[in-house]
Each structure stands twice: as structure tokens, then as C-alpha cells.
Amino acid sequence: MKLVFISNYLQHHQIPLCEELYKLLKDDFIFVQTEKPTEEYLRHGYSLYECEAYQINAYESKESYDKAYNKALDADIVIMSYFTEELIK
């Protein structure tokens, strides 16, 4: 089973779920971060979380975006906690 979790940011309350999904699914689990955290977001006390094992930052490049998009198309399950209209077409 392939699972993709899409959100604007990887946040502290999502990490335990992501860690468990990665333990269960290994490379069949991907977390897609759609936006770079803003300075305002970080000033409000949020931290920048990254996990190379399962995270793709779709905003970094066209290559990253395409990789995330293709992973979502190929997935059996996609969880979208944040999305744009473009992502649901």
C-alpha cells in the first residue's frame, strides 16, 4: 500500500503519525510539504521540521513538485490536510 500525506507544513502534531506510517510502510509513505514556512510562521513559535527519510518539499523545485505529484498519482491513499485546487484535479 502506498500512502501520501500532503500538507502545507510538517507540524509537530503530525510527526508522530508520520513516524508510525514510515515504520509500517517504509518507502511507500511520503509526506509532501507544499509551502516553505514563512518567517511569520516561525516567529509565532513554530519550528521547522524536516525528515529526509519520507519528506518531499514540493515548493523547492519543479523536479520536487513533479516527484510529489507523481507519488500522489501512484498512491493507493492520499491524505490532504492542505491543498490547492491544482492538487485535486
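Side chains are part of it too, since the values below use all heavy atoms of this structure and drop only hydrogens, waters and symmetry mates.
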field: Check: T34 and Y9 side chains under 4.5 Å, non-hydrogen atoms
entry: no

- request: Look up atom CD in E39 and atom CG in L42, then write down how far apart they are to the nearest 0.5 Å.
  value: 5.5 Å

- prompt: Between Y54 and F31, is the gap from one ring center to the other below 6.0 Å?
  reply: no

statement: When every non-hydrogen atom of E35 is compared with those of Q33, the smallest separation belongs to O-NE2, 3.3 Å

query: When hydrophobic residues are tied together by side-chain contacts of less than 4.5 Å, even through go-betweens, does L25 share a cluster with I15?
result: yes

- request: Decide yes or no on salt bridge (charged side-chain N to carboxylate O under 4.0 Å, His left out) for K23 and E20, but give the supporting numbers first.
  value: CA-CA 5 Å; K23 283 181 194 174; E20 290 302 315; 3.2 Å; yes

- prompt: So do the side chains of M1 and L24 get within less than 4.5 Å of each other, counting heavy atoms only?
  reply: no

message: According to a hydrophobic-cluster definition based on side-chain heavy atoms being under 4.5 Å apart (Ile, Leu, Val, Met, Phe, Trp, Tyr only), do F5 and M80 belong together?
response: no

Heavy-atom side-chain proximity of Q55 to C18 below 4.5 angstrom: no

- prompt: Under a 4.5 Å cut-off applied to non-hydrogen side-chain atoms, are V4 and Y69 in contact?
  reply: no

task: Determine whether V32 and K71 make a side-chain contact, defined as any pair of heavy atoms from C-beta on separated by less than 4.5 Å.
output: no

task: Mind listing the closest non-hydrogen atom pair of I56 and S64 along with its distance?
output: CG2-O, 3.6 Å

task: Flag the pair P37 / Y49 as yes when at least one side-chain heavy-atom distance between them is below 4.5 Å, and no otherwise.
output: no

query: Cluster question for you: counting only ILVMFWY and a side-chain heavy-atom cut-off of under 4.5 Å, with indirect links fine, are I30 and L21 together?
result: no

- request: Let me know which of I79, D28, D76 forms a side chain to side chain contact (heavy atoms under 4.5 Å, CB included) with L3.
  value: I79

- prompt: Do I6 and I77 share a hydrophobic cluster (ILVMFWY, side-chain heavy atoms under 4.5 Å, transitive)?
  reply: no

